[in-house]
Amino acid sequence: MAENHAQNKAKLISETRRRFEAEYVTDKPEKYDPRDVERLQQDDNWVESYLHWRHNVVDETLKMLDESFQWRKEFSVNDLNESSIPRWLLEIGGIYLHGYDKEGNKLFWIRVKYHIKDQKTILDKKKLIAFWLERYAKRENGKPITVMFDLSETGLNSIDMDFVRFIINCFKVYYPKYLSKMVIFDMPWIMNAAFKIVKSWLGPEAVSLLKFTSKNEVQDYVSVEYLPPHMGGTDPFKYSYPPLVDDDFQTPLCENGPIASEDETSSKEDIESDGKETLETISNEEQTALLKKTNPAESTPKAEESEKVDSKLKTFKKPLSVFKGPLLHISPAEELYFGSTESGEKKTLIVLTNVTKNIVAFKVRTTAPEKYRVKPSNSSCDPGASVDIVVSPHGGLTVSAQDRFLIMAAEMEQPSGTGPAELTQFWKEVPRNKVMEHRLRCHTVESNKPNTLTLKDNALNMSDKTSEDIYLQFATSRCERDCSPP
């Protein structure tokens with residue numbers, strides 16, 4: 001069944017690409033940005049999102065692509081950046097991304113009280129919406145977003161149906177499949193008639209995504225930690241510009257919890273790592289030595305050392321899913337699985353592998369730095385080498401599905417050193433377009449996940465295999481188990 005579904009989807013994607021090229025691009029190629037046409041031929045997820053929104057009807061999907069691509073060229077969406085938007089619009093804080101709903105979807109805030117109907121500024125405001133959505137789509141390809149329409153303290157001069165219709169069209173045509181829901185907060189009664197029109201624009205299928213809320217109901221969708229005080233929340237966030245409000249990933253992080261500055265984080269980690277070993281961590285060198293073939297002459301005198309290493313390995317889990325980036329391969333690919341308090345396996349592991357010919361500097365950020373110990377959180381990885389990062393909740397704090405981790409990496413083509421001071425200077429100087437970023441979600445499980453393996457139970461019995469051999473063997477066995485018929 002799953003195989004047939006995948007084959008049908010592949011056929012629909014192929015047909016959509018072929019017909020769009022033949023029936024639309026060939027006729028008037030100047031209507032579209034060549035970068036969008038090229039991406040359509042390469043990005044299966046992008047094609048599938050349009051097909052999904054049009055119920056896999058190719059004719060309707062082609063019309064939608066035509067409208068969407070013409071709009072993208074008209075607004076120069078691929079080239080939108082901060083300089084494309086008037087500074088005062090960025091400073092006012094009427095539109096931005098911040099926080100997550102209870103399902104882990106990013107929140108897209110539209111503070112309507114800051115919007116005054118004005119035909120002279122409407123185009124710039126539309127570009128600001130497009131700027132944020134395109135920025136999000138490029139980073140979080142295909143992940144839904146929750147729109148927070150904050151109508152508190154709004155009056156008649158803030159009602160602009162043309163602007164609202166544009167926002168609706170963004171999710172109906174330009175960014176299909178991205179809308180999780182629209183939370184309408186504190187709507188004045190004078191706008192009841194206006195939102196009846198909005199419902200007609202959305203269509204019957206999307207009307208269910210509208211959630212009209214007051215201070216009490218809004219907490220059904222967003223927890224208090226991501227709601228501002230006027231919504232009954234506890235979020236201390238206050239918008240300011242510059243810099244841009246990003247994905248709320250914060251520095252610093254260290255093995256013993258949050259501290260004052262990133263420089264201090266690097267120094268403190270460096271100092272504490274010297275001469276300090278814990279039962280929860282093990283270095284790459286120790287793992288490599290453990291997995292290599294043991295010299296019989298050395299096995300007896302090193303029995304005690306092996307036993308010690310074994311005790312360190314007992315809580316280690318090896319992730320089997322891999323994100324293959326241009327600088328680093330990162331395991332796991334998407335989610336960090338933490339055990340529950342009951343299971344007693346609260347820590348998790350991130351494995352970074354350098355696939356370049358140069359040293360790669362990396363740092364780890366999170367949306368909740370007060371919660372986690374991360375070791376190492378700011379270091380480097382040699383060419384072809386791997387680094388294990390141990391992540392654990394700090395002080396017994398609870399892991400949340402809204403928490404996110406960000407791995408940032410950059411190639412040190414001419415490294416002057418990899419100590420704390422050198423890394424701090426490197427991150428200050430490295431261009432933004434040279435930095436690879438990858439995000440990981442958090443997930444709590446009640447029992448051991450089947451996509452991890454305990455090194456203790458297997459590594460010692462496979463002394464003639466490399467760690468890669470073991471990794472592949474377990475990945476293959478899991479695939480055979482998951483893919484076998486019931």
Side-chain angles (χ1 to χ4, degrees), residues 13 16-54 61-87 89-90 95-97 106 108 110 121-145 147 163 165-179 241-247 325-327 406 408 410 430-439:
I13 290 173
T16 301
R17 285 171 170 157
R18 178 184 57 79
R19 288 186 56 186
F20 188 74
E21 187 76 31
E23 300 173 23
Y24 289 83
V25 179
T26 303
D27 184 31
K28 291 184 177 180
E30 69 279 359
K31 289 196 302 182
Y32 313 122
D33 186 323
R35 289 169 289 184
D36 291 332
V37 177
E38 181 181 0
R39 182 184 169 193
L40 190 75
Q41 297 297 330
Q42 298 174 351
D43 190 340
D44 288 355
N45 288 332
W46 207 29
V47 184
E48 198 274 331
S49 67
Y50 285 95
L51 281 165
H52 174 83
W53 205 248
R54 285 296 179 260
T61 302
L62 294 173
K63 294 176 184 176
M64 186 178 180
L65 282 167
D66 176 51
E67 182 180 351
S68 177
F69 279 24
Q70 287 192 62
W71 169 79
R72 290 179 65 84
K73 182 172 183 180
E74 177 189 351
F75 270 66
S76 301
V77 172
N78 288 309
D79 298 312
L80 283 178
N81 53 46
E82 289 176 67
S83 63
S84 310
I85 313 297
R87 185 182 174 95
L89 265 181
L90 293 168
I95 300 165
Y96 55 88
L97 290 163
K106 193 73 180 176
F108 185 38
I110 300 176
T121 62
I122 186 64
L123 181 59
D124 287 328
K125 291 172 183 175
K126 289 179 178 179
K127 284 186 176 181
L128 181 58
I129 293 284
F131 165 76
W132 277 117
L133 290 179
E134 185 69 9
R135 180 180 173 88
Y136 175 80
K138 285 179 178 177
R139 293 189 175 199
E140 305 285 355
N141 187 14
K143 295 180 183 177
I145 199 170
V147 178
F163 187 53
R165 185 162 195 167
F166 172 78
I167 295 170
I168 298 295
N169 272 346
C170 280
F171 292 103
K172 280 190 67 176
V173 181
Y174 312 142
Y175 295 90
K177 207 180 173 183
Y178 270 93
L179 182 62
Y241 175 85
L244 280 172
V245 178
D246 210 333
D247 287 345
L327 306 182
L406 172 69
M408 300 175 66
V430 65
R432 175 82 180 184
N433 61 1
K434 297 289 186 181
V435 178
M436 168 191 143
E437 296 185 351
H438 184 65
R439 289 154 175 75

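Position 1 is the first residue of the sequence; numbering continues from there. Keep in mind it's a predicted model, so treat the numbers as computed, not measured.
Note that CG of L40 and CG of L65 are 5.5 Å apart. Values are rounded to the nearest 0.5 Å. Atom CG in D27 sits 10.0 Å away from atom CG in D66 (nearest 0.5 Å). The CG atom of L179 lies 10.0 Å from the CG atom of L133; values are rounded to the nearest 0.5 Å. To the nearest 0.5 Å, atom CH2 of residue W132 and atom CG of residue L90 are 8.0 Å apart. The distance from atom CD1 of I129 to atom CD1 of I110, rounded to the nearest 0.5 Å, is 4.0 Å. I122 CD1 to F163 CZ: the interatomic distance, rounded to the nearest 0.5 Å, is 5.5 Å.
Residues L62 and T16 have side chains in contact (heavy-atom distance under 4.5 Å, counting atoms from C-beta outward). A heavy-atom distance below 4.5 Å is not found between the side chains of V47 and T61. When side chains are defined from C-beta on, L80 does not count as touching E134, because their heavy atoms never get closer than 4.5 Å.
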Check your understanding: Between E67 and K63, does a side-chain contact (heavy atoms from CB on, under 4.5 Å) hold up when you go through it step by step?
Key -> CA-CA 6 Å; E67 182 180 351; K63 294 176 184 176; over 6 Å; no
Check your understanding: Should R17 and D43 be marked as a salt bridge (charged side-chain N to carboxylate O under 4.0 Å, His left out) after you check the CA-CA gap, both sets of side-chain angles, and the distance that decides it?
Key -> CA-CA 10 Å; R17 285 171 170 157; D43 190 340; over 6 Å; no
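Below 30°, between 30° and 60°, or above 60°: for F166 and F75 the angle between ring planes is below 30°, a parallel geometry. The aromatic rings of W71 and Y175 sit perpendicular, their planes meeting at an angle over 60°, well past the 30° parallel limit.
In terms of modelled atom types and a separation under 3.5 Å, the side chain of K177 and the main chain of L51 share no donor-acceptor contact. For W46 (side chain) and R39 (main-chain N/O), no donor-acceptor pair under 3.5 Å exists by modelled atom type. A donor-acceptor contact shorter than 3.5 Å links the side chain of W53 to the backbone of K172.
In terms of heavy-atom proximity, Y178 sits nearest to K143 at CD2-O, 3.4 Å. Residues R439 and L406 come closest through the heavy atom pair NH1-CD1, 3.5 Å. When all heavy atoms of I145 and K106 are compared, the pair lying nearest together is CG1-O, 3.3 Å. Heavy atoms only, all atoms of each residue included: V37 and F69 are closest at N-CE2, 4.1 Å. The shortest non-hydrogen separation linking M408 to E437 is CE-OE2, 4.0 Å. Across all their heavy atoms, P176 and M64 have their closest contact at CB-CE, 3.4 Å.
Ring centers of Y32 and F20: under 6.0 Å apart, within the cut-off.
Residues S68 and Y50 bring a donor and an acceptor atom of their side chains to less than 3.5 Å of each other.
Sparse packing is recorded around NZ of K28, with 12 or fewer heavy atoms of other residues, nucleotides or ligands lying under 6.0 Å away.
Ionic pairing of R35 and D79 is present here: one or more N-O contacts between side-chain nitrogen and carboxylate oxygen are shorter than 4.0 angstrom. With salt bridges taken as basic N to acidic carboxylate O contacts below 4.0 Å, none links K31 and D36.
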